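Quick note on labels: first sequence line is chain A, next is B, and so on, each numbered from 1. Predicted model only: the values in this text are computed from it and were never measured.
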Amino acid sequence: MPVQLLKIIKGESETPLPSHLQKEDLKHLQEGFDYTNKYFQGTVVLCYPLTKLRDGTDFFKVVLQDLNNSCSRINSINILIYGKMAEDCAKVIRHGDTFVVAGFKLAKSPTAREDGRHGCHLEVSEEAGSAIYVRVNQIANRVLHAAPSVAPKYVYTPLNHLKDGTVVNLYGIVKFFKPPYVSKGTDYCSVVTLVDPSNAKLTCTLFRGNLDSLPKIYKIGDIVRFHRIKIREYNGQMQGITSGGFASLTFDGTVGAPIVPRTSSKLYTFLGEEQKTIEELRAWAASNLSISGPAAFFFFFLNHFGFFSLQVWDGTKCPYPTWKVPVEASDLEGEKALLHQLRNLTVDILVYDNHVPLAKSLKIGSFLRIYSIRTKQASADNADASHVEFHLHGGTCYGRGIGVLPESNPDVKELKEFLESVDLADSQNAESVSSVELDGTFSNVTDLQSHLQRCQQLSVTVLTDHQDLNNTGLRTILNSTAPQQYRIRAKLRTFKPQKLHQSIKLYCSKCNSLKEVPDGDDFDLILQDSATTAPNPELHNTSWYGSVMWTTQDQKQRKIAIHFVKHDEMLQEPEHTLLMIEGGTLKEIWKLSRRFKCVIPVRSTKDDLELLDFSAPFLLQGNVKYYGCKHCSTPKTIKSLSSLAAEQRPSWEPTEIAQVLGIVPLQYVFIMKFTLVDGTGALNAYLFDYEKFFQIPASEILTNNFLQQKMQMTMNTLCPPGRKLDDLPWLECFIKSYNITDGTKHQVYYQIFDTTIAEDVV
DNA sequence: TTAGGCTTGG
């Protein structure tokens with residue numbers, strides 16, 4: 001009989017497994033080996049509905065977890081069961097059962113990347129000579145209940161249909177939560193506010209004697225499924241409260257993330273159609289909710305001393321000196337060598353009141369999220385004690401509290417990878433330079449500032465806003481819908497264009513078009529062409545400009561006219577003067593633009609001066625040529641300039657000049673494509689920058705060798721040629737995702753924003 | 001029972 005139930009008595013099967021079978025551990029399962037006489041044992045954590053393949057074969061998929069490997073990153077594996085065995089298994093199997101698969105075939109799992117399970121799956125069928133043993137406590141019960149659908153059918157109530165005094169099942173997206181804390185009664189308490197696509201809101205007060213029985217919510221946006229929650233009216237609003245038999249599942253709310261329920265319960269139902277519900281809620285939340293919450297800090301928990309203080313690290317160095325709780329070496333509970341190594345990187349957090357019992361129960365080495373920590377700067381006039389303190393004050397307002405994350409959590413994996421990537425030798429060397437901070441104090445403000453600068457070197461970029469955002473892994477971002485904004489920490493693997501001058505474009509903010517910067521030869525040709533039209537003497541010397549004209553002595557006998565714009569009927573100092581020129585060469589115009597405030601190349605028509613072609617600059621100022629958008633501009637007569645000239649102190653700002661002339665100016669921008677990588681994935685992000693990122697004006701770089709060198713050095717620092725990925729520096733950036741739809745093709749793009757190169761990088 | 005989101009504090 002291929003599927004057998006083995007009754008368990010005192011923890012052992014009544015009937016032993018056949019003696020020829022040898023146990024195989026999850027971590028030893030490898031492709032290319034013969035598993036005819038091997039068996040794998042695990043706990044059933046997920047059952048999919050029994051289905052039929054195209055050829056009519058019954059097919060049943062279950063997920064087994066290897067409880068002996070619960071600490072390792074991958075501890076579950078897909079089991080694909082075919083034919084009669086599929087049907088038999090579907091009848092008897094229940095979540096939490098111990099399941100033994102013998103004589104299976106091993107094949108590469110095509111879904112491993114998505115579901116995060118083992119890279120291989122087990123294939124099981126009668127034809128392959130497989131056998132399945134299910135270890136159960138009560139065979140009689142099992143046979144009695146064996147039915148095509150083992151799972152009871154649950155009905156879920158939308159949040160806008162809740163009625164006082166009922167007990168319901170529901171789904172919701174977490175809008176707010178307080179991580180579990182010890183209540184003043186006998187239980188742990190957690191408060192959770194949910195929303196759903198009905199747009200109704202429900203705040204639930206959940207009590208459980210066992211911390212594990214409360215929902216495992218790690219962040220706002222997580223999705224929960226509550227079974228048997230009691231609904232009551234309180235202060236005119238519906239309120240959820242735990243009732244007997246309350247049970248919950250929690251899911252990551254990120255679109256595309258693996259759908260793995262978080263629960264302490266070994267017995268739960270989760271079917272295919274419920275997966276669909278999660279996917280729908282994720283999609284709804286992505287486009288209808290703006291997920292934001294109080295700042296949460298994410299730490300590796302290293303030590304606690306006294307009964308009130310935690311010592312933690314998140315892989316970075318706090319940019320300010322932090323207050324250290326005075327502690328005797330004998331009071332340290334953590335791993336001493338590690339604590340010593342990290343002594344200048346860890347921070348101490350003082351924990352108060354209701355958070356103390358939970359803090360005391362924490363295991364060293366766990367990963368914590370601490371919500372609503374208060375940072376306190378010691379008073380500035382006491383420079384000797386300049387430092388930052390971290391307090392987790394009493395109470396649970398705004399979700400203040402401590403959450404413990406399991407190792408399987410993707411954010412934990414990301415943090416772990418980051419911690420592993422930190423070069424401790426480097427950090428400690430950097431520390432030894434500044435002995436002042438070893439005792440946690442700074443003697444003056446300058447020390448503090450220079451310290452701050454050094455710490456910023458940890459990332460070669462600096463964020464100019466939204467510092468309260470938490471980092472998101474690139475994989476999570478790639479799996480999410482746009483538009484959203486993220487803070488990331490990544491390395492620059494490569495960038496385009498490699499020839500930096502090619503990164504400069506002209507951009508019209510009105511029609512969003514990009515244009516190549518015309519080269520000097522184009523301008524020269526336009527000037528030569530316009531010089532064939534002689535200046536019209538009738539247009540010289542008006543009320544608002546004075547004109548001079550002369551003929552070159554060379555063979556060409558070229559006529560040049562210069563019109564100096566007057567102010568209060570007077571000519572100004574050259575450096576304040578705007579002039580218009582007809583018949584000049586590139587070189588002459590260039591020289592004039594160095595000496596005079598502004599130069600506008602023009603040509604004569606019958607009754608007015610006019611601007612040249614749009615491929616020529618409408619204005620030259622200093623080193624910069626200003627161009628107009630051909631598409632968006634509606635040039636006005638040159639006379640319009642007289643209104644600016646009449647102003648008391650004409651500033652001759654290019655934007656003002658453009659405006660009166662009916663020109664929509666093009667702006668110089670850097671456009672680059674950065675390929676960013678972190679431990680979780682790779683992502684192409686566009687840099688669209690006028691000046692902020694490089695702290696170099698895009699308008700000036702083409703004519704300034706010094707700035708070109710500076711930019712080259714900056715890029716060499718961000719992405720040093722010939723270096724391995726490990727040796728590249730970290731970049732902290734904000735990026736935003738956005739959708740581009742081109743016909744039927746839809747794509748998500750990413751752009752860097754509110755990020756700048758650290759001051760001391762170049 | 002507990003808390004019933006909405007802080008300022010050692």
Lys/Arg-Asp/Glu bridge criterion (N-O < 4.0 Å) met for A:Glu407, A:Lys416: yes

task: Using whole Å, report how far OH of A:Tyr398 lies from P of B:dG9.
output: 15 Å

Aromatic ring pairing A:Phe177/A:Tyr371, orientation class (parallel under 30°, perpendicular over 60°, tilted between): perpendicular

field: salt bridge (Lys or Arg N to Asp or Glu O under 4.0 Å) contacts touching residues 239-254 of chain A (sequence neighbours left out)
entry: none

field: Nearest-angstrom distance from the residue atom CD1 of A:Ile229 to C1' of B:dG4
entry: 13 Å

Could you go through residues 186-200 of chain A and list every donor-acceptor pair under 3.5 Å that involves a side-chain atom there, pairing it with any protein atom two or more places apart or in another chain?
from     : atom 1 : to       : atom 2 : distance (Å)
A:Ser190 : OG     : A:Lys178 : O      : 2.8
A:Thr193 : OG1    : A:Thr203 : OG1    : 3.0
A:Asp196 : OD1    : A:Ser198 : N      : 2.9
A:Asp196 : OD1    : A:Ser198 : OG     : 2.5
A:Asp196 : OD2    : A:Leu159 : N      : 2.8
A:Ser198 : OG     : A:Asn160 : N      : 3.3
A:Ser198 : OG     : A:Ala200 : N      : 3.3

task: Sequence neighbours left out, what pairs pass ring pair (Phe, Tyr, Trp, His ring centres under 6.0 Å) with at least one residue falling in residues 208-248 of chain A?
output: A:Tyr154-A:His227, A:Tyr156-A:His227, A:Phe226-A:Phe246

field: Sorted by number, the residues of residues 178-193 of chain A with heavy-atom contact under 4.0 Å to DNA chain B
entry: A:Lys178, A:Tyr181, A:Ser183, A:Lys184, A:Gly185, A:Thr186, A:Asp187, A:Cys189, A:Val191, A:Thr193

- prompt: What residues, two or more places apart in sequence or in another chain, satisfy salt bridge (Lys or Arg N to Asp or Glu O under 4.0 Å) together with A:Lys692?
  reply: A:Asp754

task: Kindly write out the residues that satisfy ring pair (Phe, Tyr, Trp, His ring centres under 6.0 Å) with A:His391, not counting sequence neighbours, or none if the list is empty.
output: A:Tyr352, A:His393

message: What I want to check is whether an N or O donor and acceptor connect the side chain of A:His391 with the base of B:dG10 at under 3.5 Å.
response: no

task: May I have the distance from A:Ile220 (atom CD1) to B:dC6 (atom P), rounded to whole angstrom?
output: 14 Å

- prompt: By a strict heavy-atom criterion of less than 4.0 Å, which residues belonging to residues 206-219 of chain A are in contact with DNA chain B?
  reply: A:Phe207

- prompt: Between A:His355 (NE2) and B:dG10 (P), how many Å, whole number?
  reply: 15 Å

- prompt: Distance between the P atoms of B:dG4 and B:dT8, in whole angstroms?
  reply: 14 Å

- prompt: Base, sugar-phosphate, or nothing: which does A:Leu350 touch, judged by heavy atoms less than 4.0 Å apart?
  reply: nothing

message: Could you tell me how far apart A:Asn354 (CG) and B:dG9 (P) are, to the nearest whole angstrom?
response: 17 Å

- request: Please collect all salt bridge (Lys or Arg N to Asp or Glu O under 4.0 Å) contacts where either partner lies in residues 202-223 of chain A, sequence neighbours excluded, each pair once.
  value: A:Asp212-A:Lys216, A:Lys219-A:Asp411, A:Asp222-A:Arg262

- request: Starting from C1' on B:dG10, measure out to CG on A:Leu392 and report it in whole angstrom.
  value: 13 Å

message: Please report the distance, rounded to the nearest Å, between CG in A:Asn235 and C1' in B:dA3.
response: 12 Å

field: Partner residues of A:Phe367 under the ring pair (Phe, Tyr, Trp, His ring centres under 6.0 Å) criterion, sequence neighbours left out
entry: A:Phe300

message: Would A:Tyr352 count as stacking on B:dG10 if stacking means ring centres less than 5.5 angstrom apart and planes tilted under 30 degrees?
response: yes

message: Nearest heavy atom decides the nucleotide; on that basis, is A:Thr205 or A:Lys376 closer to the 5' end of DNA chain B?
response: A:Thr205

message: Measure CD/A:Glu389 against C1'/B:dG10 and give the value in whole Å, please.
response: 10 Å

task: Assign A:Asp353 to base, sugar-phosphate, or nothing according to its heavy-atom contacts below 4.0 angstrom with the strands shown.
output: base

